[in-house]
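For reference, the structure discussed in these notes is given below.
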Amino acid sequence: MYTPERERELIELTRRLLRELPKIKDADLEKAKEYAELLREVIRYHDYKYYIQTSPVISDYEYDQLFRTLRDLEKKYPQIVTPDSPTQRVASEITGTFPEVSHYAPMLSLDNAYTEEELRDFDRRVRELTGLDVVDYSVEPKYDGAGIALVYRDDLLVRGATRGDGETGEDVTNNLRTVRTIPLRAEFSKFGIKLIEIRGEVLISREEFKKINEERMEEGLTPFANPRNAVAGSLRLQNPAEVAKRKLEAVVYQVSYVEPEDRYPKTHYEAVEMLHLLGFKTPFNDMKVCKGIDEVIAYCKEWEKKRDEYPYELDGMVVKVNDRSFYEVLGFTSHHPRWAIAFKFKARQATTKLVSVVFQVGRVGTVTPVGKLEPVQIGGVTVSSVSLFNEDFVKEKDIRVGDLVLVERAGDVIPYVVEVIKEARDGDEVPIEFPENCPSCGSKLVKLPGEVAWRCINIACPAQVVLRLKHWGSREAMDIRGLGEATVKALYNKGLVKDVGDLYYLKVTDLVRLPGFAEKAAMNLYRAIQESKERGLDRVLYGLGIRYVGLTTAKKLAQEIDSIWDLKDMPLEKLIRIEGIGDIVARSIREFFSREENLKVIEKLEKAGVKLKKTKLEKEGPLKGKVFVFTGTLRCCSREEAGRIVEMLGGIFSNTVTSRTTYLVVGQDPGRTKLTRAKQLGIKTISEEEFLEMIKGYVDIESLRREKKREGTLF
Ligand code: IVH
């Protein structure tokens, strides 16, 4: 449809228009007409890239800026509107593989506000149209997933559909039935409702997303850019059993149609409350009815600050007039209702240039291409480099040096190249060449069978040694404060440390020789190293950096053995029998303990007095074999610290309630999830006091608390 040349022109034009936005906004009629034509051209092109080719070449934010500018121009000069302007329709997402269904009410989009001022404009319009002085708004999170509409008739889920073009969607009922947070039956009849259509979003939690990506990376697959992409496509899978495997969740946030009509809840708040009471996952606990726009703005800002702590990816807040009786007078445009607006958080995508590629050697020798970017602001952070993961990723996306790339940085997710904007190429882009030799030690790189990564297998490779040392000192491993990468490098370069065992033979006089290390810093590091000897078996196992042995695996291993030496001769078959340890992990452990140089390091650690065996208490303590999960805030210590106490006394600390949990210890303001799950599974819940009673006589919580005051944390 577009020739490559035309695409280049349109991208150039897009960039020019984006630069000239302030000028466009002030254009007079004649200029406005010209600009509107240009905007339409580029928007049509971007619609095509987004909806038809599903490979957008600009960020959503940039697209929105163009779209809004056009819409505003057309509003200012209605005479320039054309019937085929992109502002006159809702774009379609229909793919044609599922039966089509008509929504009971059009599934519109939301108007967006990017600034406080735009929220105030919205409020002004609402007040003008309603005649109210102060409007009650219900404010809730805006979930970044895939929109759905569910229909319940006589309390049964009878239909679930995608958004489609807003009028007609795709019937994906069978797939949605597999989503556990969608009740198949809900007692709407209690509210006198016979038929109801509700709107919501299918999502995946950030935690689940992380897990999926970790698994994908371990398997050498390329990770997903964001949770939305991990969800996208799931709904349209042809096999519901496949859908069920993905841990999809659904949140519902809007009642869009009700029979009989007079049974509509009077306010939006009540509508969500009803859904909440009927067992749906809703924004009920996160929504607030705000009196007037100032409260709305404050609430939105509060959420923007904490968006990264939320378990799901959010792209903003939705502000809705609470009282439904005003919906009629406020009405709709063809695109959105006038009684609601989305306050969008800072965009997390941007386009920028890939300037060069360097190759980094990881802790286990994996060589990763890292793209250096022309620095660009994404979500308030300057991004100047991005992992390109592996050769397959680079090949699949055909990434070249000099390319314009669309980069995303969602939440705590690492920056990610979503797309190469091939249309912007001028022919000077250079394909990425993979090195044959290790950039750190020069030895020949190898690709092991079944793996996508190139690896340096030289165990003494300086880059790997430095990273192994750094990993040993990291918070989740031996937690040696002050042992950052720069210090490790200095220690290595001075020949003071070659492996983690050497750390424990360092003297303060060695440490003061490090650049920037005065006596105090040297003393502190020395002390931190000495204190780390007591961390325990699981942390040592994790800290050694055995391939595939993450923190969870290390904990599981530590539960099964009394001393690290037990692993030395443990046969493969026995390792595999340990729960959660598969063939790959077991082989990796065997390989680690079969190497003479690794055993030497362990001997060095042992001689220095690093704890490599369980204590008597850990083996035979009062909490032996009992599995503890904590919820809510504890007064004695943090949950992590309580977990350490449990482990010190022979118990097992876990973060999730399962059928194997012995006790759920409930602190202040506990979360609902763990409590509900414990109830479902019949797990005993105990109070913090009861927990303290169990450990009384073994742990002096008072002195720990005093220590905590002094040190900041207990461990
Ligand atoms: S209300 C007519 N509430 O955002 C208003 N939408 O950008 C119906 N979305 O199409 C939408 N969270 O898919 C509403 N709390 C929320 C939302 C939400 C996410 C999605 C929805 C909508 C899109 C508009």
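Ligands are counted one by one from 1 in listed order, and the atoms in each one are counted from 1 as well.
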So which protein heavy atom does atom 12 (N) of ligand 1 come closest to, and at what separation? Tyr143 N, 3.0 Å
Give the numbers and elements of all ligand 1 atoms closer than 4.0 Å to a heavy atom of Glu140. 3 (N), 15 (N), 16 (C)
Tell me whether Glu201 reaches ligand 1 (any heavy atom closer than 4.0 angstrom to a ligand atom). yes
How far apart are the closest heavy atoms of Thr631 and Lys674, and which atoms are they? CB-CD, 3.8 Å
Are the aromatic ring centres of Tyr269 and Phe284 under 6.0 angstrom apart? yes
Taking both backbone and side-chain atoms of Pro141, is any N or O found less than 3.5 Å from an N or O belonging to ligand 1? yes
Quick check, are the ring centers of Phe345 and Trp303 under 6.0 angstrom apart? no
Nearest to atom 14 (C) of ligand 1 by heavy atom, Tyr253, Trp339, Phe332: which? Tyr253
If the threshold is 4.0 Å, N to carboxylate O, is there a salt bridge linking Lys306 and Glu302? yes
Identify the heavy atoms of Val251 and Leu203 that sit nearest to each other, and give their distance. CG2-CD1, 3.3 Å
Contact between Lys320 and ligand 1, counting heavy atoms under 4.0 Å? yes
Nearest-contact summary for atom 2 (C) of ligand 1 - protein heavy atom, Å: Pro337 CG, 3.4 Å
For atom 4 (O) of ligand 1, find the nearest protein heavy atom and state the residue, atom name and distance (0.1 Å precision). Lys142 NZ, 3.0 Å
Side chain, backbone, both or neither: which part of Leu110 comes within less than 4.0 Å of ligand 1 when only heavy atoms are counted? both
Given the side-chain rings of Phe122 and Phe343, with only the six-membered ring counted for Trp, is the space between their centroids under 6.0 Å? no
Determine whether the aromatic ring centres of Tyr35 and Tyr77 lie less than 6.0 Å apart. no
Numbered atoms of ligand 1 (with element) below 4.0 Å of Leu108, judged on heavy atoms: 10 (O)
Could Glu116 and Arg120 be called an ion pair, given the rule that one side-chain N must be under 4.0 Å from one carboxylate O? yes
Under 4.0 Å, counting heavy atoms only: does Ala342 come that close to any atom of ligand 1? no
